[in-house]
Amino acid sequence: MPELPEVEVVRAGVEPAVTGARVTAVEVFEPRSLRRHDPLTGPFAPQLEGHRLLGAVRRGKFLWLPIDTGRALVIHLGMSGQVLLREPGSEADRQLRIRLHLEHPDHGELWLNFADQRIFGSMAIDRMQPTGDGLPGGYAGAGTGAWSGLIPDQVAHIARDLIDPDFGTDAALAALARRGSGIKRVLLDQTWVSGIGNIYADEALFAAGLHYEQPASSLSRTEGIRLLDAVRTVLMRALAEGGTSFDAQYVNVNGQSGYFSHSLAVYGRQGTACPRCGTLLVREQFMNRSSHLCPVCQRLH
DNA sequence: AATGTTTCCTGGGTGC
DNA sequence: TGCACCCAGGAAACAT
């Protein structure tokens, strides 16, 4: 269930460890974790072994590590993926799928473990293409290089996210007005605005006072702006929390320990009082997913 | 073209 | 205590 804030914590956590590090060995324990790797572009491990990683970049929930070959290691955590930095020789993590052996000029040897219970996540080597607008492909912290204006092929269709300084509000609002489906479906569409999953969608809709089935095109411009602001606020708040509990040595993004659940107002809180009006929160089925909302604060109109 | 549905996955939790 | 279920959902593939 990692969404943008959790992925950003991973990005920030791995950035110092991987930037400038050389990959000395790759172990793939679960080939299904390479589902998004296109074998036509060459085999996975040899494109890493002996090569240097240059940084850590994120757009929405996609994370990629540019390689000195001009390509990138693309990481998606899916539902249950974790990136864990470990001392060489340490005991294997549960559901360990892939392990990279790294050698950093300053920090020495390190293992980068990719663990993933449900195998919805993946690692892949991908080609890079220029961003259409010449702007950075994603958020890279302090890192910069020739790869800054590039984006992996499989991420090119993903929209910029709401904490990206180059996010285009006007274009997003215009697209919103053309969409007839329910607003939650649009929020979860990564080609409109990226980084939002089921949890923060529910949180943002609550903050904006909107029902998940409200047709996107029925929102006024003011409501659209309010919704985008709500999403941004929810993401930033989670990010601030994650930043404070972050351990630089072990990047742990899981549904349990590493998940920023303390600040959730409605998600998973059905049957408890709405923090705004006191009405009992409800949980409903929507798109084969669960939606959590206050039936009073979030009415269809 | 845009929208809706199915599929991939597994282990922790639940109920009998 | 054991065991068969059920459930979570990100995103692409597929169907309408």
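As the structure is a prediction and not an experimental result, all values here were calculated from the model. Residue numbers start from 1 in every chain, and the chains themselves are labelled A, B, ... in the order their sequence lines are given, proteins ahead of strands.
Note on ring orientation: taking the six-membered ring where Trp is involved, the planes of A:F286 and A:Y212 are tilted (angle from 30° to 60°).
Of the residues near DNA chain C, A:H292 and A:R36, the one whose nearest nucleotide (by heavy atom distance) lies more toward the 5' end is A:H292. With the nearest nucleotide of DNA chain B identified for both A:R289 and A:R179, A:R179 has the one nearer the 5' end. Comparing A:S181 and A:R35 by the nucleotide of DNA chain B that holds the closest heavy atom to each, the one mapping nearer the 5' end is A:S181.
Between the CD atom of A:E30 and the P atom of B:dC8 there is a distance of 15 Å, given to the nearest Å. A:F29 places its CZ atom 19 Å from the C1' atom of B:dT10, with the value rounded to the nearest Å. For the pair A:Y212 OH and C:dG9 P, the interatomic distance rounds to 13 Å; values are reported in whole Å. Rounded to whole angstrom, the span from the NE2 atom of A:H157 across to the P atom of C:dG10 amounts to 15 Å. Put simply, CZ on A:F120 is 12 Å from P on B:dT7, counting in whole angstrom units. To the nearest angstrom, P of B:dT7 lies 19 Å from CZ of A:R118. Computed from coordinates, the A:L34 CG to B:dC8 P distance equals 19 Å when rounded to whole Å. Distance, A:E203 CD to C:dG9 C1': 16 Å, rounded to whole Å.
When distances run from any side-chain atom of A:L188 to the nucleotides C:dG10, B:dG11, B:dG4, the shortest one goes to C:dG10. Of all nucleotides listed (C:dA12, C:dG10, B:dT10), C:dG10 comes nearest to the side chain of A:E3. Listed candidates were C:dA12, C:dG10, B:dT10. Nearest to the side chain of A:Q117 is B:dT10. Which of C:dA11, B:dG4, B:dT10 sits closest to the side chain of A:I119 comes down to B:dT10. Side-chain proximity of A:R97 to the nucleotides B:dT10, C:dA12, C:dG9 is greatest for B:dT10. Among the nucleotides B:dC9, C:dG9, C:dG10, the one closest to any side-chain atom of A:R32 is B:dC9. Of the listed nucleotides (C:dG9, C:dA12, B:dT10), C:dG9 has the atom at the smallest distance from the side chain of A:S290. With distances taken from any side-chain atom of A:Q95 to the nucleotides B:dG11, C:dG9, C:dA11, the minimum falls on B:dG11. Checking C:dA11, B:dT10, C:dG9 against every side-chain atom of A:N198, the shortest atom distance belongs to C:dG9.
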Problem - salt bridge (Lys or Arg N to Asp or Glu O under 4.0 Å) between A:D161 and A:R58, worked out - result: CA-CA 10 Å; A:D161 56 67; A:R58 181 195 52 75; 3.2 Å; yes
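Between A:H76 and C:dG10 there is no side-chain polar atom (N or O) within less than 4.0 angstrom of OP1 or OP2. Applying the 4.0 Å criterion to OP1 and OP2 of C:dG9, one finds that A:Y200 has every side-chain N and O outside that range. The phosphate of B:dT3 has neither OP1 nor OP2 within less than 4.0 Å of any side-chain N or O from A:R185.
Side chains of A:C274 and A:L280 form no contact here, defined as non-hydrogen atoms less than 4.5 Å apart. Put simply, the side chain of A:R22 does not reach to within 4.5 Å of the side chain of A:H51, judged on heavy atoms.
Salt bridge A:D229/A:R226: absent, no basic N to carboxylate O contact under 4.0 Å.
In this structure, A:S194 OG and A:L188 CG are separated by 12.0 Å, a value rounded to the nearest 0.5 Å.
A:G121 comes within 4.0 angstrom of nothing in the nucleic acid, heavy atoms only.
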